[in-house]
Amino acid sequence: EIKALSGLPGFPGRVNPQALNDYLRHGLAEEGGETLWSGIYSLPPGTWMEIRDDGPKGSLPQPVRYCDLEASPGTDAWEGRDVRAGADALRREFLRSVEIHLRSDVGYGCLLSGGMDSSSIVAAAAHLRGGAADFDTFTFASGDAHDESAIAAKVAAEVGCRNYSLSLRGADFVECLERATLAQDEPIVGPSILAQYKLFEFVRAKGTRVVLDGQGGDELMAGYPWYLGAGMASSLRRGRLGSAAGLLRTWASQGGNAGAFSSLARFAVPSKYHWPIRRTFGIAGVERWMNQPWFKERQITEELAWHCPSGDPLASVRMMDLRTNLPQLLRFEDRNSMAHSVESRVPFLTVPMARLALSMPSDFLISGAATYKHVFKLAMDGLVPDYVVKRTDKIGFRTPEAHLLIENRVNLLKQLANGNPLLDGPLSRSALKNSLNDSALSAKATHQLWRVMAALEWIRCFNLSVT
């Protein structure tokens, strides 16, 4: 772990400027093997490295890749075949994966949000046990408009398993911020990671040692809102104007999620214009707190390479999430669970499941009715309750960020900003203070402010230098 390396005599304990920029702007805590600690690197997923005593001093060998999902079978295998064939293949592989992950010498349970992925695991586990759902499920109740705990309780009751719900107050998040940061070794990306930390603490207190959850389902099965925009772009590139128009109409009728439009724009606008457009429309709001000269002196690269000049846009966005978003989510979950000696298992993320899902063509994943996870929902037909399968909203593991920040921001500022070197270089102390005193913070701004707060706590916990 990083904390073991940081304890070595003479270790400098400095911030990595490029990684700090990527974290503040994009919420990426690890990218391309770099960490936020200068001089400390992580092995990319699917690689190994051999370090020899007689090897060259002062350098590390290149990682060797043993698994490359980008080399997964192409979509040609499904040419001329109906989506139902893909659904049948997914159902068989998914049930096989869940069955393997249920093997345990101790009692197991499931994290259950009420969404498609976690509900599928719970329903599959009950099905594989012959309807005897002799396990517990655990749910985080956010207590706001995004609270899915009632749906989770309904799913648990329908399959016959017990459901325990955890509610948290603002003070609970503040109380565990230091412990969670020390467990992670790097800054968290928002209060949802703190809620997850507390949920695993709750699981352990109930006596459960192994849990299954739905991590990876959204990335593999195209469950995020921005995948709809990538699906539109895929249809346009293949000349399927009617399909793209249908997706656009359905998107508009469902409220026009901004993430889908943003994703479509990435493929329609040359990459060199992405960052100027984001600035113009105020999307790059975290800049208001960043000290730009500090970053420019260190020659950081501002923007990620989102543009996909060729190939299938939906496949490109999914692969981008598999390379960037998913690894850090898995790291957060692994550290949070093991901090409480709980083993978390992810049935969606076996190599056979991933290769099968990545071979599915875009129209299997996003239907003409703008249904996310189309082929997977067909695969779970008759197994997962209809009221879950037919949901059109995507909530995910949400926490009431704005309320929590408003409730705690004064104490947080006093606790984190006093003498913090992050405010003596990378961030502007005055701009941050003004934002914290602003009673009309937008939802976007509160999300970014949580990121800043987490970085301040990380610097404080590990006594890091920014010079």
Apply side chain to side chain contact (heavy atoms under 4.5 Å, CB included) to the pair Q196 and F140, showing each step before the final yes or no.
CA-CA 8 Å; Q196 185 189 67; F140 170 67; over 6 Å; no
Below 30° counts as parallel, above 60° as perpendicular, anything between as tilted: where do the rings of [X] and [Y] land?
X: F462; Y: W37; answer: perpendicular
X: F138; Y: Y164; answer: parallel
X: Y224; Y: W226; answer: parallel

Sub-4.5 Å side-chain heavy-atom contact between [X] and [Y]:
X: Y372; Y: P225; value: yes
X: L456; Y: L423; value: yes
X: E219; Y: L349; value: no
X: L177; Y: I188; value: yes
X: K206; Y: R162; value: no
X: V159; Y: H127; value: no
X: C67; Y: R355; value: yes
X: V15; Y: L36; value: no

Would you say the side chains of E34 and Q18 form a donor-acceptor pair under 3.5 Å?
no
Is it the case that the side chains of S344 and D213 hold a donor-acceptor pair, with the cut-off being a distance below 3.5 Å and no angle test?
no
The side-chain contact (heavy atoms from CB on, under 4.5 Å) partner of N336 among L194, I193, V342 is I193
Residue pair [X] / [Y]: nearest heavy atoms and the distance that separates them:
X: F135; Y: G109; value: CB-CA, 4.4 Å
X: F348; Y: G216; value: CB-C, 4.2 Å
X: Y197; Y: A183; value: CE1-CB, 4.3 Å
X: F11; Y: S38; value: CZ-O, 4.2 Å
X: G114; Y: R391; value: O-NH1, 3.0 Å
X: F376; Y: S120; value: CE2-OG, 3.5 Å

Presence of salt bridge, [Y] and [X], under 4.0 angstrom:
X: E93; Y: R96; value: yes
X: D134; Y: R129; value: no
X: R318; Y: D321; value: no
X: R169; Y: E175; value: no
X: R460; Y: E457; value: yes

Measure from the side-chain N and O atoms of [X] to the backbone N and O of [Y], and report whether any donor-acceptor pair falls under 3.5 Å.
X: S97; Y: F94; value: no
X: R345; Y: H101; value: yes
X: D185; Y: I2; value: yes
X: T35; Y: I40; value: yes
X: R25; Y: L20; value: no

Is the number of heavy atoms from other residues, nucleotides or ligands within 6.0 Å of CG (D53) greater than 12?
no
Can you measure from [atom1] ([X]) to [atom2] ([Y]) and round to the nearest 0.5 angstrom?
X: L356; Y: T350; atom1: CG; atom2: OG1; result: 9.0 Å
X: M319; Y: T324; atom1: CE; atom2: OG1; result: 11.5 Å
X: Q62; Y: T47; atom1: CD; atom2: OG1; result: 10.5 Å
X: W294; Y: N21; atom1: CH2; atom2: CG; result: 9.0 Å
X: E343; Y: T208; atom1: CD; atom2: OG1; result: 12.5 Å
X: I121; Y: L212; atom1: CD1; atom2: CG; result: 6.0 Å

Decide yes or no on side chain to side chain contact (heavy atoms under 4.5 Å, CB included) for L322 and L220, but give the supporting numbers first.
CA-CA 8 Å; L322 287 171; L220 290 177; 4.2 Å; yes
Show the numbers, then the answer: is there a side chain to side chain contact (heavy atoms under 4.5 Å, CB included) between V211 and S337?
CA-CA 9 Å; V211 292; S337 61; over 6 Å; no
F202 and H340: ring pair (Phe, Tyr, Trp, His ring centres under 6.0 Å), yes or no, with the steps?
CA-CA 9 Å; F202 183 62; H340 304 290; over 10 Å; no
Check the pair Q184 / Q328 against side chain to side chain contact (heavy atoms under 4.5 Å, CB included), numbers first and verdict last.
CA-CA 10 Å; Q184 292 295 336; Q328 74 172 9; over 6 Å; no
Evaluate the criterion side-chain hydrogen bond (donor to acceptor under 3.5 Å, both in side chains) for residue pair S113 and S118; output intermediate values, then yes/no.
CA-CA 6 Å; S113 68; S118 61; 3.1 Å; yes
